[in-house]
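Take a look at the structure below.
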Amino acid sequence: MTSQDSHRPGPSDGPPAQAELDREAEEVTLAIMAASRLLVAISARALASTDEALTLPQLRALVVVDTCGPVKLAALAATLKVNSSTALRMVERLESARLIDRKTNPDNRREVILRLTPAGRDLVARVLAHRRTEIRTLVEQLPAEARAALVPALRALTEAAHDIAVDPFDEMRRLGGLIDDPLNPAPPEPPRGGRRRAKDTTV
């Protein structure tokens with residue numbers, strides 16, 4: 001063996017090989033996708049335990065209106081990334097269920113504005129509370145070391161998302177979807193730092 005061979009980097013020396021980095025990234029990706037499916041399943045169970053007739057997209061619409069309301073129908077459609085006719089059909093069903101109040105904007109008769117009814121606010125609160133309780137139960141089953149490791153990892157993932165993670169309030173403000181409430185003309189104000197802090201906007 002030459003002196004050059006004796007100094008050749010071993011498996012534990014230097015940066016990992018690209019194949020190893022790719023394999024690690026794929027493992028993390030699959031783990032996150034599995035966790036995402038778990039959260040969707042938890043949301044579905046929380047919704048089913050409260051209102052079996054409601055769908056997850058409808059719940060998401062309710063959460064957005066709860067977070068940002070009153071809002072314009074067109075802005076809700078854009079935030080949900082559906083066309084206006086789809087959003088209108090969804091709102092009509094939610095209005096029939098007495099979860100959303102739909103009225104013409106008195107300042108612009110061509111616009112429709114939305115807010116939750118008391119029943120809608122109560123439903124959102126119950127579903128999100130049920131989901132939070134179920135997630136907390138799962139977290140409490142983890143060893144302390146695993147719980148501690150999750151916090152920085154999830155925060156790092158969220159920070160890495162940057163513009164991918166859309167806050168409903170910021171999106172509504174960008175679209176001009178936030179309006180003054182005709183019954184309470186004080187304009188909606190975001191908290192300090194420019195953003196209304198929502199209780200829970202993920203579905």
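All values below were derived from every heavy atom in this structure, side-chain atoms included, with hydrogens, water molecules and symmetry-related copies excluded. Because the structure is predicted, anything quoted here is derived from the model rather than measured.
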- [ ] Verify side chain to side chain contact (heavy atoms under 4.5 Å, CB included) between T55 and Q58, making sure each step is shown before the conclusion.
- [x] CA-CA 5 Å; T55 65; Q58 289 170 342; 3.2 Å; yes
[X] side-chain N/O to [Y] backbone N/O, donor-acceptor pair under 3.5 Å:
| X | Y | result |
| --- | --- | --- |
| R121 | L116 | yes |
| K72 | G176 | yes |
| T117 | R98 | yes |
| S36 | I32 | no |

Any side-chain heavy atom of [X] within less than 4.5 Å of one from [Y]?
| X | Y | result |
| --- | --- | --- |
| S43 | L56 | yes |
| V65 | V71 | yes |
| E20 | R23 | yes |
| I113 | R115 | yes |
| E26 | L21 | no |
| K81 | T79 | no |
| L38 | L138 | yes |
| L178 | C68 | yes |

Task: Criterion side chain to side chain contact (heavy atoms under 4.5 Å, CB included) against V91, the qualifying member of L73, T86, L99 - done: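 Answer after filtering L73, T86, L99: L73.
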Task: Steps toward side chain to side chain contact (heavy atoms under 4.5 Å, CB included) verdict (T133, H130) - done: CA-CA 5 Å; T133 298; H130 188 287; 5.9 Å; no
Open item on the list: Applying side-chain contact (heavy atoms from CB on, under 4.5 Å), can you list everything that pairs with I135, at least two apart in sequence or on another chain?
Closed with: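 In terms of side-chain contact (heavy atoms from CB on, under 4.5 Å), with neighbours along the sequence ignored, I135 is linked to L39, I42, R131, V139.
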Open item on the list: Test of understanding: clusters of I, L, V, M, F, W, Y form through side-chain heavy atoms closer than 4.5 Å, transitively. Do V40 and V63 belong to the same one?
Closed with: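 Same cluster.
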Of the non-hydrogen atoms in [X] and [Y], which two are nearest, and what is the gap between them?
| X | Y | answer |
| --- | --- | --- |
| G177 | A75 | CA-CB, 3.4 Å |
| A46 | T50 | O-OG1, 3.0 Å |
| A61 | L76 | O-CD1, 4.2 Å |

What distance do [X] atom [atom1] and [Y] atom [atom2] have between them, rounded to the nearest 0.5 Å?
| X | Y | atom1 | atom2 | value |
| --- | --- | --- | --- | --- |
| L47 | L54 | CG | CG | 5.0 Å |
| R60 | L62 | CZ | CG | 12.0 Å |
| L150 | L157 | CG | CG | 11.5 Å |
| M90 | I100 | CE | CD1 | 9.0 Å |
| L94 | R89 | CG | CZ | 13.0 Å |
| T137 | E140 | OG1 | CD | 6.0 Å |

Task: Residues which pass salt bridge (charged side-chain N to carboxylate O under 4.0 Å, His left out) with R93, listed by chain and number, not counting sequence neighbours - done: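 Applying salt bridge (charged side-chain N to carboxylate O under 4.0 Å, His left out) to R93 gives none.
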Task: Test side chain to side chain contact (heavy atoms under 4.5 Å, CB included) applied to V64 and M172, step by step - done: CA-CA 9 Å; V64 171; M172 286 290 181; 3.4 Å; yes
TODO: Taking only Lys NZ, Arg NE, NH1 and NH2, and the carboxylate oxygens of Asp or Glu, determine whether R155 and E159 approach each other closer than 4.0 Å.
DONE: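 Salt bridge flag = no for E159 with R155.
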Task: More than 12 heavy atoms from other groups under 6.0 Å of CD on E92 - done: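 Enclosed.
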